[in-house]
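The structure under discussion appears below in the form of structure tokens.
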Amino acid sequence: MTKKNNAIIRKNIIILVIFLAVFSLLPLVMTQNYLTSMMVQCFLFAAMGVAWNLIGGYADRVSIGHSAFLAVGAYTSYIMYLDFGISPLIGMFVGMIIAGVLAYLIGSLCLGLRGTFFTLSTIAFAEIFKNILLHFREVTNGSYGLILTYSGDDPVNLQFGTKTPIYYISLVLLAAIVLFNIFFEKSKTGYCLKAIGEDEDAIRSLGFNTRNVKLRTFIISAMLTSLIGTIYGFYLAYIMPTSIASTPVSIKIIVVAVIGGAGLLWGPVLGAFIIIPLTELVNATLGSISGANTMIYGLVLILIILFRPKGVLSLFIEGGWVNKKIKSLRKIKTEV
Amino acid sequence: MWMFGQSVINGLLMGGVYALAAVGLTLIFGVMKIVNFAQAEFLMLGMYATCLLVDVFHSEPYAMIVPVAAIMFIVGYIIYLLIVRPLVNKEGVNRFVLLTLGLQSFLQGLVQVVFGTDYRTVKSATKGSSLFLGEYSFAVPRLIAMGVVLILFAILAVIIKKSEMGRALRATSENSKIAAMMGINPAAHFALAFGLGAALTGIAGLLLTPMYYTYATIGDLFGTMTFVVVVIGGMGSIKGALIGGLLIGLIEALTSSYIAMDLGTAGIFVVFVIVLLLRPQGLFGGGAREV
């Protein structure tokens, strides 16, 4: 078992290294600012998807409240930077701590709830949080949001004139989160989570404290999301409750994870690389028609759930459609 | 004292509309055991249907209750057949969650693409008029909405309790497998529940048109609210939806008047979480419901 595990871990790390190498070299040939910006979004949403996947994919506990954790990260580092001049490099850790505490509170209250009730409770918390952001105008500037004004390159405060530095920052962030997940997936907690996703009562009857496992994972997922939130917020340079703390943002994260393959390590990464370029394509061709984007998101999600509930990646893994095709091709070859 | 009285009046009148929007959700949940996250988009579609019909026929929106209900029933029925039916009897509650989340985005985007982002209004003689009782004012559109809601709830209660169809719906809701053994076709009643649910929420949309602008994302304003109403009242309980709706309207109005105008919704969600923790089956929900 452990041997097989090590082999899988090694395989995933090799994929990750290739992934890193390819995308580190990409800016050498890809110089358009527009494309770089799109890649940043791919990396960041892939990272959010991977973080969401921990609780939403492996444990099959769909959270529609992750936008709140994203907003915690963004708002904490914005407020610390704008009001106190503290670098977001410090702010992001403060954000993670706040997100962790928040996730502990929400998680210990709601993770005992079954299925849909948990999902509903996460919406409720996200809504409360959005209302709080809108209400405390003195700190958050209400619905107007907060703006970063660019005043020259300032790496310590994540202010750059070009998109390239933020490209590498988000690439490294994604790689780090995937690396964490490579090991997490094969840990005892990871296996327990998958078992919870399959049948919680069964694993509980074996003496596992499933509530603890879920709570720990929910906290980790929230803290990672908050960390991404800081980078995402500084990439946007402008945050407001409707752009970062609203349900559509949560849904976007879910779409990324589910389209690629919820519960699969590389699923959300693949999902982001499908849905973000698709979004940009829709924007470029139908940009004048508002709503086209939302419609496409919805349509893609519906089609995936109807025809490929395990996501696009499930086509490629063991027993998937592509694998079978290759096998049958090989068979034909040997027969010939 | 005046502020308290007026808040209670406003809250209860608003609560009636919440109740009607939520009863569609609870009906679908009761029968199919799934939460439809796109329910608020039915409300939005009902509002658009009203706007279009009023534009064509130049009548009062309230005269359009039957056509709007019919249109929404058909819309709900078709949506059920196209995308919900293929998932019935398959494993996993979360597939419905994700499916209806997709449906929610799709419908919202579709309406934006077709009708644009303009805010629409309907002409109605009742708009802006109020009745006065002593020092308290009652907005006429809200009073009418409340009246319609109470009548519809009464009709619905009679149908569910007394008619053959209602009995079949209740049987399916209690245990669809055993209902099937008794010769009831669960799939047909799932479709019926989905259509009825869409129609009722659509009527709630119609009742809102004289009070709110009609636009593609208005569902966001009511979406989470209807979940709250249904969870507080008890998933699947029609009486629960009515009382839950009124309660929510009341809490929202009181929080807005006494704590802060823009924390009205936050107040509701706090109550929601408390109910979820202390009584997850809701005030009128059945005992042990596995969801």
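Just so it is clear: chains get the letters A, B, ... in the order the sequence lines come, proteins before strands, and each one is counted from 1. Everything numeric here is computed off the predicted structure, so don't read it as measured data.
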Which one, [options], leads in non-hydrogen pairs under 4.5 Å with chain B?
options	result
A/Gly112, A/Ser246, A/Ser121	A/Ser121
A/Val258, A/Leu301, A/Val300, A/Thr294	A/Thr294
A/Pro248, A/Pro309, A/Ala292	A/Pro309

Measuring from atom [atom1] of [X] to atom [atom2] of [Y], what distance do you get when rounded to the nearest 0.5 angstrom?
X	Y	atom1	atom2	answer
B/Ile34	A/Thr116	CD1	OG1	9.0 Å
B/Ile268	A/Glu127	CD1	CD	10.5 Å
A/Ile128	B/Phe272	CD1	CZ	9.0 Å
B/Leu98	A/Ile64	CG	CD1	8.0 Å

Identify all side-chain donor-acceptor contacts of residues 239-250 of chain B below 3.5 Å with residues at least two apart in sequence or on another chain.
none

What part of [X] is in contact with chain B, defined as an atom under 4.5 angstrom from a non-hydrogen atom: side chain, backbone, both or neither?
X	result
A/Leu299	both
A/Phe129	neither
A/Ile254	side chain

Just by distance, do the side chain of B/Arg95 and the backbone of A/Ile305 share a donor-acceptor pair under 3.5 Å? yes

So, does A/Asp60 use its side chain to make a donor-acceptor pair with the main chain of B/Asn94 at under 3.5 Å? no

With sequence neighbours excluded, tell me which residues meet side-chain contact (heavy atoms from CB on, under 4.5 Å) with A/Ile203. A/Cys192, A/Ala195, A/Ile196, A/Phe208, A/Thr210

More than 12 heavy atoms from other groups under 6.0 Å of OH on B/Tyr258: yes

Distance-only check: which donor-acceptor pairs under 3.5 Å involve side-chain atoms of residues 100-114 of chain B, not counting sequence neighbours?
{"residue": "B/Thr100", "atom": "OG1", "partner": "B/Phe37", "partner atom": "N", "Å": "3.2"}
{"residue": "B/Thr100", "atom": "OG1", "partner": "B/Phe96", "partner atom": "O", "Å": "2.8"}
{"residue": "B/Thr100", "atom": "OG1", "partner": "B/Val97", "partner atom": "O", "Å": "3.2"}
{"residue": "B/Gln108", "atom": "NE2", "partner": "B/Asp220", "partner atom": "OD1", "Å": "3.1"}
{"residue": "B/Gln112", "atom": "OE1", "partner": "A/Gly291", "partner atom": "N", "Å": "3.2"}

Determine which residues belonging to residues 268-285 of chain A lie within contact range of chain B, meaning some heavy atom pair is under 4.5 Å apart, and list them by number or answer 'none'. none

